[in-house]
**Q** 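Below you'll find the structure I mean.
The sequence lines fix the lettering, A, B, ..., with proteins before strands; numbering per chain opens at 1.
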Protein chains: 2
Amino acid sequence: MSIGELLAGREGLRIEDPRQTSVSVHAYLRDLIISGAIPPGTQLKQAELARVLAVSRTPLREAFRMLQEEGLVSAEPNQRSVVLGLDAEALDSLYAARITLESLGARLTAGRMTREEVRSAAAAHKEMDRTYRAGDYASWTVAHRRFHRLLVGRSGAPVLRTISSYAEQSERYVRIDQLTNTQDFEARQREHQAIFDAVRHGDGKAAVVEMARHLSGSARRVVEAHAPGRGTPFVDAALDLLLCDCSDAASDSG
Amino acid sequence: MSIGELLAGREGLRIEDPRQTSVSVHAYLRDLIISGAIPPGTQLKQAELARVLAVSRTPLREAFRMLQEEGLVSAEPNQRSVVLGLDAEALDSLYAARITLESLGARLTAGRMTREEVRSAAAAHKEMDRTYRAGDYASWTVAHRRFHRLLVGRSGAPVLRTISSYAEQSERYVRIDQLTNTQDFEARQREHQAIFDAVRHGDGKAAVVEMARHLSGSARRVVEAHAPGRGTPFVDAALDLLLCDCSDAASDSG
DNA sequence: TCACATGAAACTGTCGACAGTTATCGCGAT
DNA sequence: ATCGCGATAACTGTCGACAGTTTCATGTGA
């Protein structure tokens, strides 16, 4: 599938800041890749894309560089760029890292949310409920992102960047149909609530437990959907690490 | 200090792959920034740099984009790029994340190193000793990097990328004079040995403990050097998280 | 029918130039 | 002396074009 056809019906690029076309292009392509609209394996030909987006190849190439640095696009010299995907192992390890960092983030944030942040997180949580019931998954995603972001808000800039990057990467593999089961949705909303309560009330330990539980659930469903029966050894190890396997039931098998 | 003067005496850019000037430029500048040769605050003027490096501005700008994505260089539209530095808080949180990820990495790698990797790590450890005694800190850094890399080698691609990035970022703030005290050096070599032993023998729990201890020591020294008396709350929280503060001596103070 | 060479077409990487924006310096007013 | 203001210089962002590389189709031989 050519990139031209993929973008055919879609609304074109909107250049936010005419002083920097390349960042708009970057944001545009990044969104399309992360949302899954441009699936892994798609070839991105510079000339074609430049024509479709009505920009020259210079800013387009700069956007490519940024996407490459994020690991979203291949970077072989003199070869077409290709949208990259994650295999099961990469997905597993990505989630393992996300769980550790986001749990750490929740712990750092526990008891340190401002009144305003608490209000905003509560609003996001409510918004998630509303948009889900309305079937507006695009808006749900936005609210969900904001909610998670607020719960790790005191992590410090470098960590926040990584967390966001990981979260977006894994979003690509969360299939919408995993949300459509109302029962599962309710359960996940309760998980969100549990994390929120722990962080808000300053219970760092509980925040870690709830965050790890929540994310590992996602991880298992996502990996199971893409590689049935594989299991999630990386995620499991991360959980052991975080959830204090103080017992000597050592789980390291050569 | 202009970038032209900074690079004056230094040996110029060596273009590895003439098919992609931009990646050579990126690697070149990245090294200079990470090694501290180009300090934070330095202004990078495109025309001047392009002249000094004898490349056109197009590949140079693409290299800039990559550096920006890594957080090494500023990205204000229509403004000169500036080499960015980390403040104490960012440094603290960077180390906290590095500790969690690298400990997780050590745990994932524990008992899974190949014979070849064990041999290689042992060689790197010996090399660190040799280069230190010879005062060849550049080579020491290379060996040190390789050693750490091998001990987290089974982490999965995405996590490895982040770990490397964090490690390099923090390297900028490790001052050489912290190494010149022989007694400290011996102690750190013992720490390295302890991590190595734990990972090699498949003791994941010990690997985490030793790795966390080792890195947190570095973190404290580095932060203390740059912000005396500040302490390392982020790192401390990460340690609590990793080292099983199962006791209810909760350390979350609103 | 298949493997392989060959040339054309398509694509990537780089360059110099132009347009628009920001910084700088000098001048005048307060 | 200090602040504001304008003209000029310096710099960034984008573009179209050229050179080098890869890909693909076509034809040739076994």
Side-chain angles (χ1 to χ4, degrees), chain A residues 1-7 12-30 33 38 41-69 72-84, chain B residues 1-7 12-30 33 38 41-69 72-84:
Chain A
M1 182 71 130
S2 121
I3 186 67
E5 301 169 32
L6 264 173
L7 269 51
L13 164 68
R14 262 251 296 282
I15 295 183
E16 323 264 327
D17 183 352
R19 293 180 312 177
Q20 264 197 322
T21 310
S22 53
V23 311
S24 297
V25 172
H26 173 235
Y28 180 73
L29 292 176
R30 179 193 167 84
I33 292 173
I38 307 181
T42 308
Q43 289 189 352
L44 304 175
K45 300 183 216 176
Q46 296 177 5
E48 185 178 8
L49 243 182
R51 199 183 59 246
V52 172
L53 301 181
V55 291
S56 108
R57 279 175 54 226
T58 310
L60 183 66
R61 283 177 57 84
E62 290 185 13
F64 274 25
R65 288 298 183 197
M66 296 191 270
L67 295 172
Q68 287 166 0
E69 198 65 33
L72 294 173
V73 158
S74 70
E76 294 297 309
N78 274 304
Q79 232 144 306
R80 310 183 168 117
S81 296
V82 174
V83 176
L84 296 176
Chain B
M1 182 71 131
S2 121
I3 186 65
E5 302 167 32
L6 263 172
L7 268 53
L13 165 68
R14 261 252 296 283
I15 294 183
E16 323 264 328
D17 184 351
R19 293 179 313 177
Q20 265 197 318
T21 309
S22 54
V23 311
S24 297
V25 172
H26 173 235
Y28 180 74
L29 292 176
R30 178 194 168 84
I33 292 173
I38 307 181
T42 308
Q43 288 190 353
L44 304 175
K45 299 184 215 175
Q46 295 177 5
E48 185 178 8
L49 243 181
R51 199 184 58 245
V52 172
L53 301 181
V55 291
S56 108
R57 279 177 52 225
T58 309
L60 183 66
R61 283 177 56 85
E62 291 185 13
F64 274 23
R65 288 299 183 196
M66 296 191 271
L67 295 171
Q68 287 168 0
E69 197 65 33
L72 293 173
V73 159
S74 70
E76 294 298 309
N78 273 306
Q79 232 142 309
R80 314 186 166 118
S81 298
V82 174
V83 176
L84 296 177

**Q** Which one, C:dG20, D:dT14, D:dC15, comes nearest to the side chain of A:Val55?
**A** D:dC15
**Q** Take atom CD of A:Glu62 and atom P of C:dT12, then tell me their distance rounded to the nearest Å.
**A**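 That distance rounds to 16 Å.
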**Q** A:Gln43 versus A:Ile3: any side-chain heavy-atom pair under 4.5 Å?
**A** no
**Q** Would you mind telling me which of C:dG20, C:dT12, C:dT14 lies closest to the side-chain atoms of B:Pro59?
**A** C:dT14
**Q** Rounding to a whole Å, what distance do you find between A:Glu76:CD and C:dC11:P?
**A** 19 Å
**Q** Measure from CD on B:Gln43 to C1' on C:dT24 and round the result to the nearest Å.
**A** 13 Å
**Q** Report yes if a donor N or O on one partner sits less than 3.5 Å from an acceptor N or O on the other, where the partners are the side chain of A:Arg57 and the base of C:dG13; otherwise report no.
**A** yes
**Q** Roughly how many Å is it from CG in A:Asn78 to P in C:dT12, rounded to a whole number?
**A** 9 Å
**Q** Return no unless some side-chain N or O of B:Arg19 is found under 4.0 Å from OP1 or OP2 of C:dT14.
**A**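 So the side chain of B:Arg19 is outside the cut-off, no N or O lying under 4.0 Å from OP1 or OP2 of C:dT14.
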**Q** Give B:Leu44 one of three labels, base, sugar-phosphate or nothing, depending on what nucleic acid heavy atoms sit under 4.0 Å from its own.
**A**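 Answer is sugar-phosphate: B:Leu44 comes under 4.0 Å of backbone atoms only.
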**Q** Is the distance from OP1 or OP2 of C:dG13 to the nearest side-chain N or O of B:Gln20 less than 4.0 Å?
**A**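 The answer is yes; a side-chain N or O of B:Gln20 sits under 4.0 Å from OP1 or OP2.
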**Q** Can you see if the side chain of A:Ser56 gets near the phosphate of D:dT14 - specifically, an N or O under 4.0 Å from OP1 or OP2?
**A** no
**Q** With respect to the phosphate group of C:dA23, does any side-chain polar atom (N or O) of B:Gln79 fall under 4.0 Å of OP1 or OP2?
**A**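 It does, given that an N or O in the side chain of B:Gln79 lies less than 4.0 Å from OP1 or OP2 of C:dA23.
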**Q** Locate the shortest heavy-atom distance separating B:Ser74 from B:Arg80; write the atom from each residue and the value.
**A**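 So the two residues come closest at OG-O, 3.9 Å.
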**Q** Are any of the side-chain heavy atoms of A:Val23 and B:Arg65 separated by less than 4.5 Å?
**A**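 Side chain of A:Val23 against side chain of B:Arg65, heavy atoms only: contact under 4.5 Å found.
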**Q** What is the distance from NZ of B:Lys45 to C1' of D:dG13, rounded to the nearest Å?
**A**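 After rounding, the gap between these two atoms is 18 Å.
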**Q** Using heavy atoms to find the nearest nucleotide of DNA chain D for B:Arg80 and A:Arg80 separately, return the residue whose nucleotide is more 5′.
**A** B:Arg80
**Q** Whole-Å distance between C:dT14 C1' and A:Leu60 CG?
**A** 16 Å
**Q** Could you state the CG-P distance from A:Leu49 to C:dC11, rounded to the nearest angstrom?
**A**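 After rounding, the gap between these two atoms is 12 Å.
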**Q** Would you check if the side chain of A:Gln46 reaches a backbone N or O of A:Arg57 as a donor-acceptor pair within less than 3.5 Å?
**A**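 No; judged by distance alone, with no hydrogens or angles, the pair does not exist.
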**Q** Would you say B:Thr58 and B:Thr21 make side-chain contact, with heavy atoms under 4.5 Å?
**A** no
**Q** What is the distance, to the nearest angstrom, from the CZ atom on A:Phe64 to the P atom on C:dT12?
**A**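 The answer, rounded to whole Å, is 8 Å.
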**Q** Give B:Arg61 one of three labels, base, sugar-phosphate or nothing, depending on what nucleic acid heavy atoms sit under 4.0 Å from its own.
**A** base
**Q** Closer than 4.0 Å, any side-chain N/O of A:Thr21 to the OP1 or OP2 of D:dT14?
**A** yes
**Q** Taking the side chain as every heavy atom from C-beta outward, state whether A:Glu62 and B:Gln68 have any pair of such atoms under 4.5 Å apart.
**A**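 Heavy-atom side-chain distance check fails, nothing below 4.5 Å.
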**Q** What does A:Ile15 touch in the nucleic acid at a heavy-atom separation under 4.0 angstrom: a base, only the sugar-phosphate, or nothing?
**A**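 Answer is nothing: A:Ile15 stays at 4.0 Å or more from every strand.
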**Q** Using a cut-off of strictly less than 4.0 Å, decide whether B:Gln46 has a side-chain nitrogen or oxygen near OP1 or OP2 of D:dA10.
**A**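 For D:dA10, OP1/OP2 do not have a side-chain N/O of B:Gln46 under 4.0 Å.
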